[in-house]
2 protein chains.
Amino acid sequence: MASTLHDVARLAGVSIKTVSNVINDYPHIRPATKAKVEQAIADLGYTPNLTARSLRSGRTGAIALAVPELALSYFAELAAAVIEAAEEAGLVVLVEQTGGDRDRELELLRSPRLQMTDGLIFSALGMGQDDAAHLERPYPLVLLGERIFDAPVDHVTMRNVEAARAATEYLLASGRRRIAVVGAHPGEVIGSAGLRLRGYREALESAGVPYDDSIISETTTWHRANGARGMRDLLDRGVTFDAVFGLNDTLALGAMRVLQEAGIRVPADVAVMGFDGLDEAEYSIPSLTTIDPGQRWIARTAVTTLLERIQRTDAAGEPRLLLADFHVVERESAPSKAMIDA
Amino acid sequence: MASTLHDVARLAGVSIKTVSNVINDYPHIRPATKAKVEQAIADLGYTPNLTARSLRSGRTGAIALAVPELALSYFAELAAAVIEAAEEAGLVVLVEQTGGDRDRELELLRSPRLQMTDGLIFSALGMGQDDAAHLERPYPLVLLGERIFDAPVDHVTMRNVEAARAATEYLLASGRRRIAVVGAHPGEVIGSAGLRLRGYREALESAGVPYDDSIISETTTWHRANGARGMRDLLDRGVTFDAVFGLNDTLALGAMRVLQEAGIRVPADVAVMGFDGLDEAEYSIPSLTTIDPGQRWIARTAVTTLLERIQRTDAAGEPRLLLADFHVVERESAPSKAMIDA
DNA sequence: CCGACACTCTACAACGTTGTAGGCCGCGAC
DNA sequence: GTCGCGGCCTACAACGTTGTAGAGTGTCGG
């Protein structure tokens with residue numbers, strides 16, 4: 001651990017640079033010399049000092065991933081996928097949690113800690129459209145999430161509006177007409193909640209079903225407890241509905257739990273639809289029909305896109321918007337028309 | 001971003017070392033000089049180059065956390081807690097996934113990538129007691145998990161035997177006598193499964209209840225699907241039981257799901273007990289009675305212990321075994337005797 | 001009035017690596 | 001016989017930072 005190129009060079013009786021050349025596969029080395037050096041490396045158990053290499057090369061071989069909270073399943077699965085993709089590309093991943101707090105997100109962007117990485121995959125939650133300018137930094141950055149669009153950076157995300165529309169159309173096609181929503185954010189236009197609600201409204205409109213905000217429940221963060229709270233809220237209002245669209249799986253699972261506590265059958269009385277395609281949605285009772293928004297593709301694409309930015313020497317290249325394909329995952333909580341007919 | 005101490009020094013008209021001194025709060029600097037330097041720093045937007053600092057100081061300010069799989073809720077929550085604790089200590093965290101594979105775990109230990117960090121918090125899953133020697137490296141290391149004991153490193157973990165014993169005693173106290181187990185690992189003695197099964201057996205023995213391996217179901221990994229599979233297995237065997245102890249929450253949730261599909265009421269017919277105290281166990285239907293093994297304490301203690309090892313210059317100091325407190329979290333899937341009486 | 005000492009600052013080296021320039025050798029071509 | 005050239009290797013500088021040694025002031029006590 002403590003041995004350096006210097007030690008190896010001395011043991012092998014060559015110059016320090018020759019050792020470096022052996023390590024980096026420089027072509028013109030006599031086989032005899034190479035063998036001697038490799039023997040010395042093995043004897044000393046030499047491993048290159050990556051910090052020194054970073055200083056010299058300007059590359060660290062690490063990227064940062066910033067998410068609101070790892071304990072949220074969605075972000076845990078995202079992080080898992082990012083780390084896996086990064087590892088394939090020979091990169092390690094430094095994970096930061098921002099708590100979804102705007103100030104902490106901005107602080108992170110300015111933080112010198114980022115210097116320890118070659119680039120950042122940034123899942124913003126607290127920042128808004130007005131903060132787009134803060135993203136313009138001379139540092140490879142890939143944006144995730146749907147809080148900011150049209151920023152001067154590459155952006156990998158999902159088709160929120162279209163997917164939510166498809167989810168709603170799916171419920172409508174199975175005969176539901178009063179589709180409640182859990183997890184709306186008051187007044188939000190951009191952001192997962194706003195976009196998904198827009199898709200929901202578009203679907204209603206196309207089907208000629210009136211939008212009724214008495215069956216829309218608002219929450220702040222998308223924790224499971226808030227899904228439960230939102231559903232209790234709806235039940236307290238005494239409104240009627242035959243389906244619930246949880247704007248993410250966690251909310252939907254919390255809501256479904258409260259429905260069942262209240263003696264309401266799922267899906268017989270009320271169908272439940274989620275969004276995210278989490279692992280755990282497959283094992284709830286009943287299993288949760290949901291949208292797979294293409295998270296693995298997003299993770300993989302974020303890594304490769306960031307890598308391109310890192311390798312590109314010219315800062316140029318138009319910022320790109322990359323959108324994942326989605327699909328409805330049909331399960332028990334909201335059977336399709338075909339499944340009901342069968 | 002591109003400015004260095006050199007640039008600042010030139011602008012402020014002082015030596016490069018003086019600038020360094022200002023940044024590091026060296027005491028003997030004239031206020032006028034300090035102001036001049038600080039102005040120059042502000043003008044240039046200078047931030048210190050952390051890579052250079054690391055090379056010089058031998059410290060990176062980063063630690064590594066290796067877990068089997070971030071997508072598993074238990075490890076996601078662990079990672080979240082570790083990152084939070086590390087941040088408070090001014091450290092960033094590099095997260096690695098080993099897949100619980102022994103070879104990848106060993107490879108990680110040898111990996112030069114670790115040089116980018118000051119220490120490692122290592123949650124081993126694939127390695128076993130025989131691999132203890134591999135942990136003996138001149139590198140700050142804190143071990144988590146229960147695959148390896150008596151290794152020459154600090155070890156922070158939970159009281160598996162005692163906690164599983166308490167869980168079983170809790171079920172026995174509520175009147176259950178035929179307590180099935182889901183998630184046992186065949187022949188395992190050390191490891192979460194082996195230890196928790198031991199606690200289970202100890203509790204049975206103390207209560208004079210015979211151990212019956214026909215109601216013990218074995219699985220490999222503790223994914224949710226395996227909990228479901230284990231329970232189906234038990235049902236297929238045609239054995240009778242009035243409680244199930246899932247060796248972790250994920251297994252218990254999968255098992256509970258299958259029970260209910262089979263028309264078996266929880267907890268009326270069969271009580272279900274988990275282990276881990278995951279967030280999601282609170283929102284299942286019914287909510288899951290479980291063991292909180294003190295995960296947050298473990299995360300926090302792992303970070304502080306690692307930090308001590310890093311700061312300690314002498315390699316000495318006995319390896320320590322630090323054990324978290326646990327407690328039973330009483331919920332619906334297994335009500336306590338008191339709750340039943342009420 | 002001089003030496004001691006505290007204060008303020010500078011020059012240099014070093015952390016371990018890699019890029020650049022160049023040196024030496026042997027061989028083939030003129 | 002010498003020139004040129006490719007193959008092999010070395011010396012040196014540089015990445016940006018901080019520790020060490022020490023130089024130059026000023027002040028204070030004897």
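Letters A, B, ... mirror the listed sequences (proteins, then strands); counts begin at 1.
- Between B:Arg53 and D:dG16 there is no side-chain N or O to OP1 or OP2 distance below 4.0 Å.
- Atom CE in B:Met116 sits roughly 16 Å away from atom C1' in C:dG16 (whole-Å rounding).
- Counting to the nearest Å, the C1' atom of D:dC15 and the CG atom of A:Asn49 are 13 Å from each other.
- Taking side-chain N and O atoms only, A:Ser15 has no distance below 4.0 Å to OP1 or OP2 of D:dA11.
- The residue among B:Ala52 and B:Tyr26 whose nearest nucleotide of DNA chain C lies closer to the 5′ end is B:Tyr26.
- Nucleotide C:dC12 holds its P atom 13 Å from the NE2 atom of B:His6, rounded to whole Å.
- The 12-atom threshold is not exceeded at NZ of B:Lys34, counting heavy atoms of other residues, nucleotides or ligands nearer than 6.0 Å.
- Rounded to whole Å, the distance from NZ on B:Lys17 to P on D:dG16 is 18 Å.
- Put simply, CZ on A:Arg59 is 16 Å from C1' on C:dT17, counting in whole angstrom units.
- When atom types are taken as modelled, the side chain of B:Arg104 and the backbone of B:Gln97 share a donor-acceptor pair closer than 3.5 angstrom.
- Among the atoms of the strands shown, only primed sugar atoms or phosphate atoms (P, OP1, OP2) are found under 4.0 Å from some heavy atom of A:Ile29.
- When each of D:dT10, C:dG16, D:dG16 is scored by its nearest atom to the side-chain atoms of A:Val14, the top-ranked nucleotide is D:dT10.
- Taking atom CD1 of residue A:Ile16 and atom C1' of nucleotide D:dT10, one finds them 11 Å apart after rounding to whole Å.
- Counting only heavy atoms from C-beta on, A:Leu55 has its side chain closest to D:dG16 among D:dG16, C:dT20, C:dT17.
- When the side-chain nitrogen and oxygen atoms of A:Ser57 are compared with OP1 and OP2 of C:dT18, none of them lie within a distance under 4.0 Å.
- Regarding contacts with the backbone of C:dT8, every side-chain N or O of B:Asn21 stays at 4.0 angstrom or more from both OP1 and OP2.
- Proximity note for A:Leu5 (side chain, C-beta onward) versus D:dG16, D:dA11, C:dT17: the nearest is C:dT17.
- Looking at heavy-atom distances under 4.0 Å, B:Leu50 makes no contact with the nucleic acid at all.
- For the 3.5 Å distance criterion, the side chains of A:Tyr139 and A:Thr117 qualify, holding a donor opposite an acceptor.
- We find that CG of B:Asn24 is positioned 10 Å from P of D:dT17, with the value rounded to whole Å.
- Contact annotation: the side chain of B:Gln115 never approaches that of A:Thr51 to less than 4.5 Å [non-hydrogen atoms, C-beta and beyond].
- When the side-chain nitrogen and oxygen atoms of B:Tyr46 are compared with OP1 and OP2 of D:dT17, one or more of them lie within a distance under 4.0 Å.
- Looking at heavy-atom distances under 4.0 Å, B:Thr4 makes contact with sugar-phosphate atoms alone, never a base.
- Ranked by how close their nearest DNA chain D nucleotide is to the 5' end, A:Arg30 and A:Arg56 are led by A:Arg30.
- Defined by atom type and a distance below 3.5 Å, a donor-acceptor pair is missing between the side-chain atoms of B:His6 and B:Thr4.
- A:Arg300 has a carboxylate O that lies under 4.0 Å from a charged side-chain N of A:Glu88, or vice versa, which qualifies the two as a salt bridge.
- In this structure, B:Ser20 reaches the D:dT18 phosphate: one of its side-chain N or O atoms is under 4.0 Å from OP1 or OP2.
- Note: NZ (B:Lys36) to C1' (C:dT8) measures 12 Å, nearest angstrom.
- Across all strands, A:Pro27 comes closer than 4.0 Å to no nucleic acid atom at all (heavy-atom distances).
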